[in-house]
Amino acid sequence: MSKNKIFIKASTYKGLHGFHKYWGKKPFEINDLLISKLTSKNDIVLDPFLGGGLITRTAVINQRKFIGIDINPISCELANLFLKLPSSKTFEKEFDNLKNKIKQKINKSYLYEKKISTHFLWFNNELKEVWSKNKKIEKIKLNKRVYLKDINFYSYNSKNIRDLKLFNNSRINVKNSMNLRDFFTGRALRNIDLILNEIKKIKDPILKRSLLLCLTSASGQMSKMVFSISKRSNKKIEKEVGSWAIGLWRPKEHFEINVWNCFENRTRKFIKTLKELGKEKNFRITDKLKSFYKDDFNACIKVGSNLDILKSIPNNSISLIITDPPHGDRIPYLELSEIWNSILKFGVPNFNKEIVVSNASDRNKDLTKYNYDMKEFFKLSMKILKKNGILILFFNALKKESWDSIRKINKMKFEGYFPMNYSANSIVQDNRKGAMKSDYVLFFSKDKNTKLKQLERIAGFKKQLPKFLND
């Protein structure tokens with residue numbers, strides 16, 4: 001019997017899947033299986049909560065037409081990148097050109113005792129250690145007590161990054177009074193500006209987008225949010241470099257890492273991925289729904305509220321909606337993406353229209369409003385799905401109330417579900433008592449669809465209503 005089962009082994013987040021630190025990524029293998037099994041060539045697949053954006057590529061490579069929507073600008077920017085990648089040769093040449101112009105200037109700002117330093121360990125704004133790391137760590141002896149205010153560029157304000165729009169949200173460690181200087185040293189901001197100045201000069205939009213997203217992907221490691229790990233070695237306490245990991249937490253003891261090294265490491269990984277992918281097809285993308293339906297476009301990527309945009313999608317035109325909406329109050333996506341969007345210099349997103357539960361006291365995004373918005377989303381989904389259309393939701397939440405809108409999906413038949421384990425480790429999931437280790441993949445159909453029968457072979461698939469939908 002087990003020979004007939006489909007066992008889905010999710011790979012780790014490598015290549016394009018590991019390119020950016022956007023949250024809630026779903027294993028490529030899951031999306032590939034579901035899209036290829038449940039739709040046919042030229043069917044329209046829709047993801048109205050686009051998130052990390054890689055599903056765009058999965059759908060189009062499977063020769064499906066795709067519509068992606070997200071209120072988060074960086075989500076749509078990532079989706080556009082994944083369908084219009086630069087050639088590795090052209091991109092590497094552009095990066096090397098940028099490197100020749102500014103690497104030396106950036107490194108000069110990290111000179112300490114006549115050595116270019118890679119890591120500065122700060123505790124309460126006092127310098128504790130300086131490293132010059134090549135193949136191994138060399139600790140540079142501190143010649144005096146140094147404080148953050150004593151270093152060059154301490155009072156620097158960015159000329160390229162827009163002001164942050166933050167809220168009072170203790171869960172992700174932010175207040176609405178915070179600004180860029182709370183998250184980056186003046187030296188880091190000045191060096192990020194040097195990179196942005198050069199990227200702005202690039203005329204090719206694909207190369208420009210690629211370098212900007214490499215920069216945002218590396219920006220967490222350039223910030224004050226990189227914690228230190230203490231380990232005992234030979235009866236001494238040694239420090240190791242952590243990473244940006246939890247919300248927008250700024251630990252008292254943190255590393256300041258050479259901005260150029262962060263940027264180059266991320267960009268070199270991207271170049272390696274491009275070389276592995278080889279020559280790319282020329283996919284056609286638009287941000288206009290009318291053009292998408294009228295002309296031969298592979299994808300339509302739209303920034304905005306899906307409750308607004310779904311009303312413009314023709315009824316009975318979508319074969320599959322496959323999406324991963326916010327799971328109650330687990331991740332406030334727009335709030336956490338604000339640093340990225342500000343570096344990209346996108347305008348302040350429409351926080352009022354985000355479908356999410358947020359602990360921010362000044363946002364009024366509670367569970368009641370979330371469930372109301374999700375019910376509206378399901379109503380619109382019902383209209384635009386074809387007669388035999390399918391809705392797939394990735395979802396999990398600890399609070400029963402977070403399931404209310406899903407329990408009340410009307411006029412659609414629940415077809416079954418299976419659990420999906422996360423394919424990447426998480427500090428929170430691994431260490432927090434009671435933390436969830438998987439999502440559920442939930443299937444609903446507008447009318448009977450014989451293709452769904454294939455899914456019953458997936459390991460763990462169950463047709464009965466799960467307890468969280470049956471309470």
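With hydrogens and angles left out, the side-chain atoms of Asp163 and Asn179 include no donor and acceptor closer than 3.5 Å. No hydrogens or angles considered: a donor-acceptor pair under 3.5 Å links the side chains of Trp122 and Glu256. Looking at Asn341 and Asn72, their side chains do bring a donor and an acceptor atom within 3.5 Å of each other.
Sorted by first then second residue, the ring pair (Phe, Tyr, Trp, His ring centres under 6.0 Å) pairs that include residues 349-373, not counting sequence neighbours, are Phe167-Phe351.
Evaluation of the ring-ring contact (aromatic ring centres under 6.0 Å, His included) rule for Phe49 yields Phe377 as partners, not counting sequence neighbours. Every residue meeting the side-chain hydrogen bond (donor to acceptor under 3.5 Å, both in side chains) condition with Ser109, not counting sequence neighbours, appears here in chain and number order: Asn191. Not counting sequence neighbours, Thr368 has no partner by the side-chain hydrogen bond (donor to acceptor under 3.5 Å, both in side chains) test. Taking Lys133 as the reference, nothing meets the salt bridge (charged side-chain N to carboxylate O under 4.0 Å, His left out) condition, with sequence neighbours excluded. Partners of Phe95 according to the ring-ring contact (aromatic ring centres under 6.0 Å, His included) rule, which considers only residues two or more places apart in sequence or in another chain, are Trp260, Phe263.
Classified by interplanar angle (parallel below 30°, tilted 30° to 60°, perpendicular above 60°), the ring pair Tyr156/Phe153 is perpendicular. Ring geometry, His119 versus Trp131: the interplanar angle falls from 30° to 60°, so the pair is classed tilted.
For the ring-ring contact (aromatic ring centres under 6.0 Å, His included) criterion with Phe395, the lone passing option out of Trp403, Phe443, Tyr440 is Trp403. The side chain to side chain donor-acceptor pair (under 3.5 Å) test with Lys26 is passed by exactly one of Asp324, Asn31, Thr323: Asp324. Between Asn197 and the options Ile192, Leu98, Asn160, Ile102, a side chain to side chain contact (heavy atoms under 4.5 Å, CB included) holds for only Asn160.
Taking the charged nitrogens against the carboxylate oxygens, Asp404 and Arg407 do have a contact shorter than 4.0 Å, which makes a salt bridge. In summary, Lys165 and Glu335 do not engage in a salt bridge, as defined by a charged side-chain N under 4.0 Å from a carboxylate O.
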Go through the steps to decide whether Asn143 and Glu113 satisfy the test side chain to side chain donor-acceptor pair (under 3.5 Å), and finish with yes or no.
CA-CA 8 Å; Asn143 60 9; Glu113 294 296 295; 2.4 Å; yes
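Annotation: Lys375, atom NZ; neighbour count of heavy atoms from other residues, nucleotides and ligands within 6.0 Å is above 12.
Under a cutoff of 6.0 Å and an axis angle of 45°, Arg187 and Tyr154 do not form a cation-pi pair.
Judged by distance alone, the side chain of Lys302 and the main-chain N or O of Ile69 form no donor-acceptor pair under 3.5 Å.
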